[in-house]
Structure formats: C-alpha cells, structure tokens
Amino acid sequence: MPVVISTETDTPFSCVRLYRAAQRLLRYCGLKDQELSILLVDDRRIAQINSQWLNRTGPTNVISFPQAGQGLVGDIVISVETARREAAESGTTWAVRLVELLVHGLVHLLGEDHELGEEAARRMRKREQELISYLLTEDIMADLLINVDHIATIRQARGGEEPDPVVAAGIVELAGADGIVVHLREDRRHIQDRDVRILREVVKGRFTLEMAATDEMIGIAGEIQPDIVTLVPEKRQELTTEGGLDVLRLEESVTDAVSRLHGHGIPVSLFVDPEEEQVQAAARTGAECIEIHTGRYADAEDVDSEEQEFQAIARMAGIAVDLGLRVHAGHGLNYRNTSRVAAISEISEFSIGHAIIARAALVGLDQAVREMLRLVKGM
Ligand code: PXP
C-alpha cells in the first residue's frame, strides 16, 4: 500500500479517515504509486524530532521529511496532541485537523515552503486550499448501504408478515446508514415484489436493487426505478451469491442488459471478482460501476491468503478507478474484517448484510448498524 501510518502514541480514533485522505491526495497529485509514511506521535516526541533534525525547540504540529529515494514521497510526522489542541481552538474536529495537517505536510513534501517569504507562503496556502477543496469534492469516507434481505428471510421462515424489511429499512436509515440494498431473487426466497415497491417509496437515502440480468428483472427494475441496479449471477441452488458475474464470458449479454437498464434511466453496477480481466470487461460494457466481491477475502482461511485477497481488492479498486468506474465492495464483510477494506480510498460504497442482521438479532438493529458505521466511517 502506498500509505503507511505508524503510531508511537495513543490514537483513540480510527486512522481510516487519514489513510483514505492520504491515498486520495497521492492519486490527485499523480503520486499514487509512491509511498508516503505518516508517523503519529505526542508532543514530547515531536519536540525531540524537532530538536534533533531541525535544531528547533519545543513541540510543533507537523514536520515533513522529503525522501530522495525512488518511489518515496517522504515522511510526515504529526503530533496528535497538538492536533487535538488546535482542533479545539479552531472549533473543528480532531479528524478534520489531522487531515489539514496532512495536507500541510504533503505540500511541504511537494516542494513548497511558507518560511521562504511572503510569496512562497501565499503559493503554499494556495496549494493547500486546492488540495483541501479537492478532498471536499467527495466525502472522504465510504458510504454504507445495508442489505436487509435477511430480515425477509426470517419473515419467510413462517410465511407471515413479521419482521418487515420495510420497517427494518427505516431503523437502518435512522441509525445513519446511507441507503438500503435488496436482492430480488428469481425464486423470491426472501425479498418479495411488494417489498421492493414499498421500499422504493420509503427509502430516503439510496436504494439499490440487486438482481440477475433476466428479462423479468429488467422489466421490474424499469418499473421500480431504483437508484442503481447491481447485476449479480444467480443460481437457484446457492445459499447466497457465490461468485462474481463472469463478465468476460458473458460480455455480450451483460452489455445488452446494461444498455437496456440505461434505456430505463438506471445506472448499473456489476458484481465482479477482484480479477483484472473481469474489471476490464466490466468497463467495456458501459456500466458505471463495479462492486468488488470481497467473499474470498472474507472467507480466507489463513493470514497469507487474507493478505493476498486484500491486495487483489486494493489493486482492482485502483485499476477500476483508472478506467473511470466507481467502486463498491461487499459480501461476507463483518465486524472483524471491514476496517481494513474501508481504508481503501477508491472504494466509495460498501454493501453489507448478513453480519449486521445477525448481530442485530442479539444487540438490536440500531446498535448493530451504528457499530458497523463506526468501522466504515472511522468515527
Ligand atoms: N453484495 C452483493 C452483490 C450480494 O449479493 C450480497 C449478498 O446478498 C452482499 C453484497 C452482502 O453480503 P453479506 O450479506 O455477506 O454482507
């Protein structure tokens, strides 16, 4: 990964925001393949570094060390203690101040230096403002959309009316999720047509319809008008979606489905395994977005294969963004494995279902959603 964050002090906050901000800045500055190291320290340690390397006394907020070596942008040392004090003084949050200091440090690494006179200070401020404005063009953190299929699974177990995924969707949105996902399966094993119709009316955030690329489903999507359709492969025998859509093999029919959905005015995402040829094929279909299947990462049986799958997801997310695609991710994500993928800045949305609904059975839906939001949003 191009950004490495190390801490030498207590950081009672998640570093996910800082991580994503740093990755986005490197991409914006054309340095996405270079390594940036960020060290978080306390005042005592930054004072020591200040004295040892810059011959200055006392703590400061941020110090940058450019690196001449190939593939390295440099090191940025930030005092989280000073950042917290400055945040309180300026009425911003700790997280925002840390990002501002990251920008300041990075602009130094890019060669600007406000200490070289008024003109240099003005140039540096301008560059900082440019980078901050860029970061503000899109939320730094990913969105969390919650799949409520398994509320319907419980309802269907008795064939009655309870629990209602429509009520669940309301609770999920009140807890702060960015939207709702449902998978209308050909066999209607959980979500029913009535659910999809009512959810389209009541969901306040984004509403994603997952479906197979069949004539029936394309017709339903055209009527319902979800905010986006995610095309998934579907087998009657499977317990859940087992693999990504084989866009490479089915390129012609997927391209046709994408264009029919576009004809209904609906943007399309393709659920694909983290494999380059699938991502390249997805881009050729005209779809706006891919959802990277995180199942192999989630189900990895040892740390080495988990690492390998994580790297594949991170690499594919980068390739997809370079191809002009938006990137979503999901499947099998839970309270243990989500933080790591949430730090991949190219992923703008997560779709998570089973783990949240399973936890909700024990702690309540509101709490289960809020706990996952903390992992995804780094709050
Ligand atoms: N994304 C897609 C395309 C899916 O098919 C599913 C499962 O319905 C999910 C995300 C959510 O997976 P999980 O329920 O394992 O969180």
Side-chain angles (χ1 to χ4, degrees), residues 142-232 234 240-241 257 260-262 264-271 287-289 291 326 328-331 333 348-361 364-370 372-373 376:
D143 286 344
L144 174 62
L145 270 67
I146 292 178
N147 180 315
V148 294
D149 290 354
H150 296 304
I151 297 288
T153 303
I154 301 172
R155 177 189 60 191
Q156 298 310 110
R158 288 290 166 96
E161 294 182 354
E162 301 289 343
D164 191 334
V166 174
V167 176
I171 296 171
V172 160
E173 288 203 294
L174 285 172
D178 299 290
I180 302 297
V181 184
V182 291
H183 184 176
L184 185 65
R185 281 182 166 267
E186 194 190 0
D187 63 11
R188 308 297 197 273
R189 68 173 70 158
H190 38 52
I191 291 295
Q192 305 297 307
D193 298 56
R194 159 269 182 205
D195 302 330
V196 181
R197 271 197 314 277
I198 302 178
L199 285 166
R200 170 66 293 183
E201 294 295 316
V202 302
V203 170
K204 302 280 185 292
R206 285 202 305 289
F207 179 52
T208 300
L209 180 61
E210 266 180 35
M211 55 177 237
T214 62
D215 289 345
E216 183 202 13
M217 288 299 156
I218 292 172
I220 292 174
E223 272 171 44
I224 299 287
Q225 291 286 310
D227 293 305
I228 188 166
V229 156
T230 301
L231 291 178
V232 297
E234 202 174 293
T240 178
T241 317
R260 286 166 68 194
L261 287 160
H262 283 172
H264 288 296
I266 305 168
V268 183
S269 176
L270 304 178
F271 186 53
E288 287 80 359
C289 181
E291 178 177 333
R326 281 183 73 77
H328 300 170
H331 211 286
L333 295 177
S348 58
E349 182 180 307
F350 288 92
S351 165
I352 307 183
H354 186 268
I356 296 172
I357 304 306
R359 187 156 177 78
L365 188 51
D366 180 82
Q367 185 176 326
V369 172
R370 287 178 198 272
M372 188 57 84
L373 276 168
V376 170

- Query: Side-chain contact, heavy-atom cut-off 4.5 Å: Met211 with Glu186?
  - Reply: no
- Item | side chain to side chain contact (heavy atoms under 4.5 Å, CB included) involving Glu223 - partner list, sequence neighbours excluded | none
- Query: Is a side-chain donor or acceptor of Asp149 paired with a backbone partner of His183 at a separation under 3.5 angstrom?
  - Reply: yes
- In terms of side-chain geometry, is the basic nitrogen of Arg185 or Asp187 positioned less than 4.0 Å from the acidic oxygen of its partner? no
- Message: Give me each pair satisfying salt bridge (charged side-chain N to carboxylate O under 4.0 Å, His left out) with a member in residues 349-360, each pair once, sequence neighbours excluded.
- Response: Arg206-Glu349, Arg359-Glu371
- Query: Going from CD1 on Ile357 to CG on Leu365, what distance comes out if it is rounded to the nearest 0.5 angstrom?
  - Reply: 5.5 Å
- Taking atom CD of Gln367 and atom CD1 of Ile356, what is their separation to the nearest 0.5 Å? 12.5 Å
- Query: Under the ring pair (Phe, Tyr, Trp, His ring centres under 6.0 Å) test, which residues partner His331, sequence neighbours left out?
  - Reply: His293
Side chains of residues 165-173: which donor-acceptor partners sit under 3.5 Å, not counting sequence neighbours?
from	atom 1	to	atom 2	distance (Å)
Glu173	OE1	Lys204	N	2.8
Glu173	OE2	Lys204	N	3.3
Glu173	OE2	Gly205	N	2.6

- Message: Tell me whether Glu288 contacts the main-chain N or O of Val268 through its side chain, where contact means a donor paired with an acceptor under 3.5 Å.
- Response: yes
- Quick one: salt bridge (charged side-chain N to carboxylate O under 4.0 Å, His left out) pairs with a partner in residues 207-217, sequence neighbours left out? Arg188-Glu216, Asp215-Arg260
- Query: Excluding sequence neighbours, so at least two apart, what forms side chain to side chain contact (heavy atoms under 4.5 Å, CB included) with Arg197?
  - Reply: Asp193, Arg194, Ile224
- Message: Closer than 4.0 angstrom, basic N to acidic O: yes or no for Arg200 and Asp195?
- Response: no
